[in-house]
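To start, the structure itself, in structure tokens.
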Amino acid sequence: MGEKCPPFAARVKRGIKVEQTVNILQKIGSNIPLEKILLAVVILVLCLLGRRYLMMLFDRMLRRMPKLNPALHSMIHTLVGLALLFLSVMIALNILGVPISSFLAVFSVVGLAISLAVQGVLKNFAGGMIILGSKPFSLGDYIETDAVAGTVQEISLLYTRMTTPDGRTIYVPNDLIYSSRLLNYTASGSRRIDLKIGVSYDNSPEQVRQAALEAIAAIEGLLSDPAPQVYLEEYADSSIVYTIQAWAPADQFAKLRYALNEEIYGAFMKNGVEITYPHLNVHTFG
């Protein structure tokens, strides 16, 4: 549904305010003494110089906050600079005798119209501020949202650029990221590999555990802390299911998981552990 247009009477009222303000400015412009104009110019120049000095102090304060994201630093700098510039102009207009209340009324009408036109952009902008401020993820992290999963390549004020495992580049609006469930697989620095393998009932748990730990020890890069574990998961129809757990650095998770899969197959064959598949034994009597 689109935004509802304001009632006709309200639009007429706003139009009258704008026209009144223009008429007031025209009358004031023709009656302003030269001394006031010069004073307003001098005050405006002083305000702009003061604004420059205040911005230098403000930047110095922001630089003392090392945890502040550079993009957020730039955004705050811009917003504060615009606010001080607006304040300087308002002071100069007040010296000239311009009714600030009428000017602000016009400015609020224009601001409302702009905000309605760029409502979606403002949502993404707010999302970017939240992400840069709270830092739920950083560049290089592998994250998953309700819509997409991938490695973060860029965080801007409007969107986040991600690369999927199959090499696609996706630009995700920040509004969708901060308002949805977010999983960060990299933040803790390590990830657990979980493999479920069904083996024959003829193999003992000790035999399976020894073969699995031998396979884990043969993979370079897997972590020894936390220690790997092998659990008997369940008694299935055609096999006993074991869960094999090993920890890997987050940035090497996929590579080490595939390597462990291959190594387990070789270790099981070497130690006589039979990897089963669904089957049915038929016994006949005669």
Side-chain angles (χ1 to χ4, degrees), residues 66-70 131-155 160-170 172 177-178 180-236 239-277:
K67 294 184 178 181
L68 186 66
N69 191 290
I131 291 173
L132 292 172
S134 60
K135 296 182 180 180
F137 54 84
S138 304
L139 296 180
D141 286 358
Y142 186 85
I143 65 172
E144 179 183 345
T145 68
D146 292 339
V148 67
T151 302
V152 178
Q153 302 294 338
E154 179 187 0
I155 306 172
T160 296
R161 179 165 59 89
M162 300 167 57
T163 301
T164 61
D166 58 355
R168 294 177 297 164
T169 299
I170 300 180
V172 186
I177 292 180
Y178 90 89
S180 67
R181 180 181 63 96
L182 175 66
L183 293 177
N184 189 329
Y185 291 98
T186 310
S188 62
S190 60
R191 291 182 62 182
R192 192 180 69 189
I193 299 173
D194 290 299
L195 299 177
K196 294 183 183 296
I197 300 179
V199 304
S200 171
Y201 272 88
D202 295 332
N203 297 118
S204 66
E206 292 77 11
Q207 188 180 10
V208 174
R209 185 172 293 105
Q210 179 182 350
L213 293 177
E214 180 180 315
I216 293 173
I219 301 296
E220 184 178 356
L222 289 176
L223 303 177
S224 57
D225 185 21
Q229 300 291 340
V230 180
Y231 299 105
L232 195 159
E233 181 76 18
E234 65 173 317
Y235 297 97
S239 64
I240 298 179
V241 180
Y242 288 86
T243 296
I244 302 172
Q245 297 178 345
W247 289 83
D251 57 348
Q252 301 181 50
F253 174 80
K255 180 183 73 173
L256 294 179
R257 185 180 188 279
Y258 296 141
L260 181 58
N261 256 329
E262 293 184 11
E263 193 65 32
I264 283 177
Y265 181 83
F268 278 18
M269 294 298 102
K270 176 182 174 182
N271 289 273
V273 178
E274 180 185 356
I275 301 176
T276 62
Y277 51 87

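Because only heavy atoms are used, hydrogens play no part in the values below, and waters and symmetry mates are left out as well, while side chains stay in.
With values rounded to the nearest 0.5 angstrom, S180 atom OG is found 10.0 Å from E144 atom CD. With rounding to the nearest 0.5 Å, the separation of CD in Q252 from CD1 in I193 is 10.0 Å. Between the CD1 atom in I240 and the CD1 atom in I197 there is a gap of 14.0 Å [rounded to 0.5 Å]. Between the CZ atom in F253 and the CZ atom in R192 there is a gap of 10.0 Å [rounded to 0.5 Å]. A distance of 5.0 Å separates CG of N261 from CG of L195, quoted to the nearest 0.5 Å. Rounded to the nearest 0.5 angstrom, T163 OG1 and E154 CD are separated by 10.5 Å.
Under a cut-off of 6.0 angstrom, the local environment of CD in E262 is sparse, with at most 12 non-hydrogen atoms contributed by other residues, nucleotides or ligands. Atom OH of Y265 has 12 or fewer heavy atoms from other residues, nucleotides or ligands within 6.0 Å.
Remark: side-chain polar atoms of S188 are paired, donor with acceptor, to backbone N or O of S190 under 3.5 angstrom. Checking side-chain atoms of N184 against main-chain N and O of P136 turns up a donor-acceptor pair under 3.5 Å.
Scanning both residues, E263 and I219, for their nearest heavy atoms gives CB-CD1, 3.7 Å. Closest heavy-atom contact between L222 and A248: CD2-CB, 4.0 Å. L256 approaches E220 most closely through the heavy-atom pair CD2-O, 3.6 Å.
Using the six-membered ring where Trp is involved, Y185 and Y142 have ring planes that are tilted, between 30° and 60° apart.
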Side chains of residues 203-218: which donor-acceptor pairs under 3.5 Å do they make with residues two or more places apart or in other chains?
unit_1 : atom_1 : unit_2 : atom_2 : d
N203   : OD1    : E274   : N      : 2.9
N203   : ND2    : Q207   : OE1    : 3.1
N203   : ND2    : G272   : O      : 3.0
S204   : OG     : Q207   : N      : 3.2
Q207   : NE2    : N271   : O      : 2.9
R209   : NE     : V230   : O      : 3.4
R209   : NH2    : V230   : O      : 3.4
E214   : OE2    : K270   : NZ     : 3.4

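Taking 4.5 Å as the limit, some side-chain heavy atom of I155 sits within range of a side-chain heavy atom of L139.
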